[in-house]
Amino acid sequence: MVIDFEATTPAGHPAQPTEVAALALRYDDGGWSEAGRYTSLIRPPAFAPVTPADTAQTGLTPEQLRQAPSPTDALGALDRRFTEGIQYLLVAQHAATEANIIHNQREHCPALAHIDFLDTIPLATHLIPGLPNYRLDTLLAHFQIKQPPNRHRAPADVDVTAQMFFRLVSVADEDPQLGDLAALVKLAGRTAKSNRPVQGGLFDIELPAEEDQGTTGPR
């Protein structure tokens, strides 16, 4: 399932989601098919208002989000789409961003919070060495995927991330070291925080600061 969030980044707090989109994919008979999709605006808390910079990037306004569903309703509805007993894998561009948001909202989406990730950035870095950077726009240009008019909205970003993921998988098919999904996960997987062992004692093991901050990172 390809997933993307838009969020506000209030000082002193982790990122707070303002929009989520998810696109479920299935691979059968030699091709990919869409198995479902979900999108919703999410009302941010009062301490994380939408700023003019947020509106300039996403087009979302404070007025729109004041009428949006709460995180409980928006993320709860997404969480109920995950069928018990089926194994899922989340795909995201710079998955640390989505992983942090989901973990911080895990009370609203407990099933989602236990799904591991495949991060397209380390996958692309391995498969396409030498690019100036591995932001989504750079990868779209490399694969000649058309920029959506509403880039930086979650539904549009999910669609183009899925297209880019298909291209990466095609490139991986030519790599003898990447013969199956397990190899892709070993290369570019990210364990959901809720699935990590709890460290006891005085000093818990944390991720490096650059990966564990509530920042949007290179998108």
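Keep in mind the model is a prediction, meaning the values are calculated, not measured.
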Check: R37 main-chain N/O paired with R81 side-chain donor or acceptor under 3.5 Å: yes

Are P110 and D79 close enough that some pair of their side-chain heavy atoms sits under 4.5 Å apart? yes

Is it the case that more than 12 heavy atoms not belonging to Q144 sit under 6.0 Å from its CD atom? no

Quick one: NE2 on H114 to CZ on F82, what's the gap to the nearest 0.5 Å? 13.0 Å

Exercise: do T18 and E6 side chains pair donor with acceptor under 3.5 Å: no

Ionic contact status for R151 with D157, cut-off 4.0 Å: yes

Decide whether Q93 and D4 meet the rule of one side-chain donor and one side-chain acceptor closer than 3.5 Å. no

Check whether the side chains of T8 and D54 place a donor and an acceptor atom closer than 3.5 Å, and report yes or no. no

Minimal heavy-atom distance between I102 and A113, with the atoms involved, is CG2-CA, 3.6 Å

Should the pair R43-D73 be classified as a salt bridge under the 4.0 Å nitrogen-to-oxygen rule? no

When you compare the side chain of L60 with that of R153, does any pair of heavy atoms fall below 4.5 Å? yes

If we only count heavy atoms from C-beta on, is the L112 to L90 side-chain gap below 4.5 Å? yes

Are a donor atom and an acceptor atom from the side chains of T72 and H108 found within less than 3.5 Å of each other? yes

Report yes if the side chains of Q163 and F143 come closer than 4.5 Å at any heavy-atom pair, otherwise no. no

Could you work out, with salt bridge (charged side-chain N to carboxylate O under 4.0 Å, His left out) as the rule, every residue matching R66, not counting sequence neighbours? E63

Could you tell me whether the side chains of D173 and S170 share a donor-acceptor contact shorter than 3.5 Å? no

Using ring pair (Phe, Tyr, Trp, His ring centres under 6.0 Å) as the criterion, point out the one residue from F165, W32, F166 that pairs with Y27. W32

